[in-house]
Amino acid sequence: MIKTFPKEKLSQKLNALLSRLPSIFASFFFALLIWLFVSMTKTYTTIKRVPVTVDYSESQFAVCSNLPKYVEVKFDGIGWKILSLYYSKTEWTVDLEQDFSENLIFIETNKNPQQYLTSLPDGLVPIEVLPSTLTIQLDEKITKTLPIKLRAKIEPAVGYTIVGNPKLTPDSVTVTGAKCVLKKMTCWETQREQYTKLDSKFQFSLELSDSLVQKVTLSAHRTRVTGLAEQLAELNFQDVPITVKQVPERASIALIPNRISVLVGGSISALANLKRDSVSVSVPYERILNDTTGAIVPDIQLPKFINLQDISPKELQYILRK
């Protein structure tokens, strides 16, 4: 037999249970705090990857050898201190002004590691470091200004084209580092990001490459990229004359035909400013002289950012008299 309760009694029981919930939660929360406090006062051991940095601001030398990006450090400390380690910016910093000896530095990482650990929370003790040694090769420090090379992929939307070259601000960066690292460098690249389907003015901030972050310092770490994407258009120039270049005095050449039509494409603004005399068609005499087919393809010279779409006719015949 199923026992039922009157609605009034059921409602009273539910209300009584709900009225006790705050005290239940308060008791649970208080017990959790007590457990957390006790746990965080115990001693623990943890391993953390610490980034390696080099400070050569006051030195006449800089690093030219490869260094590990991180060292693994084992720490002892109470729970609160261990927790604070993961919110600090602890670094393994090599100060060349202090450690310089000839052109090599040998560091035994387990020998007094505290002198290399910066921004380390109080109460933490480093007990082991890997790798156990660091070898750093040095060279004369120099400063060089390099143009920034855009390595991002910038693509217009279908039916659009990028007008000119995107502008970089700044367009160069001052780099300080070892002579052996910088002497062959001719530019500094940006990160390889991707921006597609552009159909109007665009602007974005792009990070510079950090591939040599341990060996050099940069005057800037980002550049602003601005540019314009416009719709594509076409323009047809008819009866463009053809010039034969470098014809000897005694030679005579007749082209058939001696004029062609040239179809070009580009952005609307570029084509609006394009003049007829900016499109030139020519044939080198040497090409005619060496031809064995009886037909040649002319050279088309166009302004920058104007693209050749088609020519008509595609080949020229000729009569050559020497």
Side-chain angles (χ1 to χ4, degrees), residues 146-173 186-209 220 222-247 253 255-288 291 293 295-318:
L146 299 172
I148 297 175
K149 184 176 182 179
L150 183 62
R151 298 296 291 178
K153 186 177 182 181
I154 300 177
E155 292 184 346
V158 176
Y160 285 76
T161 185
I162 304 298
V163 179
N165 291 321
K167 181 182 178 182
L168 303 182
T169 308
D171 60 2
S172 62
V173 62
T186 58
C187 66
W188 192 273
E189 298 182 350
T190 66
Q191 297 282 14
R192 296 174 181 264
E193 302 290 344
Q194 184 170 327
Y195 303 88
T196 59
K197 300 181 180 180
L198 302 172
D199 59 4
S200 59
K201 289 183 178 179
F202 56 86
Q203 175 176 305
F204 48 85
S205 180
L206 190 60
E207 287 190 7
L208 303 185
S209 171
R222 306 183 72 88
T223 184
R224 187 173 73 253
V225 183
T226 55
L228 173 64
E230 280 189 349
Q231 279 188 303
L232 282 168
E234 291 183 342
L235 186 60
N236 190 25
F237 292 98
Q238 297 182 349
D239 296 327
V240 179
I242 307 170
T243 303
V244 180
K245 294 182 175 181
Q246 300 174 339
V247 181
I253 298 175
L255 296 176
I256 307 172
N258 61 359
R259 293 175 179 268
I260 65 171
S261 296
V262 180
L263 181 65
V264 298
S267 67
I268 293 176
S269 60
L271 293 182
N273 297 319
L274 183 63
K275 297 180 180 179
R276 183 184 180 87
D277 57 8
S278 299
V279 179
S280 64
V281 182
S282 62
V283 177
Y285 172 78
E286 196 70 23
R287 184 181 303 169
I288 297 174
D291 178 64
T293 64
I296 56 174
V297 177
D299 294 332
I300 313 298
Q301 291 81 39
L302 298 173
K304 198 174 183 181
F305 307 119
I306 300 295
N307 303 311
L308 178 65
Q309 303 296 315
D310 195 14
I311 60 173
S312 180
K314 299 186 184 303
E315 292 183 336
L316 305 173
Q317 294 180 332
Y318 59 88

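All values below were derived from every heavy atom in this structure, side-chain atoms included, with hydrogens, water molecules and symmetry-related copies excluded. By convention here, the first residue in the shown sequence is residue 1.
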| task | With rounding to the nearest 0.5 Å, note down the distance linking OG1 in T226 to NZ in K167. | result | 6.0 Å
| query | Rounded to the nearest 0.5 Å, how far does NZ of K201 lie from CD of E230? | reply | 10.0 Å
| message | Could you check whether any side-chain N or O of R287 sits under 3.5 Å from a backbone N or O of V297, counting only pairs where one atom can act as donor and the other as acceptor? | response | yes
| query | L198 and A229: which non-hydrogen atoms are nearest, and at how many Å? | reply | O-CB, 3.4 Å
| query | Should L316 and I260 count as side-chain neighbours, where that means a heavy-atom distance under 4.5 Å? | reply | yes
| said: Using every non-hydrogen atom in the two residues, find where P257 and I242 come nearest and quote the distance to one decimal. | reply: O-CD1, 3.9 Å
| Once you round to the nearest 0.5 Å, how far does OG1 of T169 lie from CZ of R224? | 4.5 Å
| task | Enter the distance from K304:NZ to L302:CG here, rounded to the nearest 0.5 Å. | result | 14.0 Å
| request: List in chain and number order the residues that pass side-chain hydrogen bond (donor to acceptor under 3.5 Å, both in side chains) with S209, two or more places apart in sequence or in another chain; answer none if no residue qualifies. | output: S211
| note | The side chain to side chain contact (heavy atoms under 4.5 Å, CB included) partner of I253 among V283, V244, N258 is V244
| About how many Å separate OG1 of T243 and CG of D299, when rounded to the nearest 0.5 Å? | 11.5 Å
| query | Do other residues, nucleotides or ligands put more than 12 heavy atoms under 6.0 Å from Q301 CD? | reply | yes
| Any donor and acceptor pair, going by atom type alone, linking the side chain of T223 with main-chain N or O of P170 inside 3.5 Å? | yes
| Do F204 and Y195 come within less than 4.5 Å of each other through their side chains, counting heavy atoms only? | yes
| note | Those residues at least two apart in sequence (or on a different chain) that pass side chain to side chain contact (heavy atoms under 4.5 Å, CB included) with S278 are L274, K275, P303
| note | On a heavy-atom basis, the closest approach of V281 and P298 is CG1-CB, 3.6 Å
| task | Give, for atom CG of L308 and atom CG of L263, the distance between the pair rounded to the nearest 0.5 Å. | result | 8.0 Å
| query | Where do S261 and N236 come nearest, in terms of heavy atoms and distance? | reply | CB-OD1, 4.1 Å
Show the atom names and distances, to 0.1 Å, of all donor-acceptor pairs under 3.5 Å that link a side chain in residues 146-162 to residues at least two apart or in another chain.
| unit_1 | atom_1 | unit_2 | atom_2 | d |
| --- | --- | --- | --- | --- |
| K153 | NZ | E155 | OE2 | 3.2 |

| request: Mark yes or no for whether R276, through its side chain, and Q238, through its backbone, hold a donor-acceptor pair below 3.5 Å. | output: yes
| field | Main-chain N/O of E234 paired to Q309 side chain as donor or acceptor, under 3.5 Å | value | no
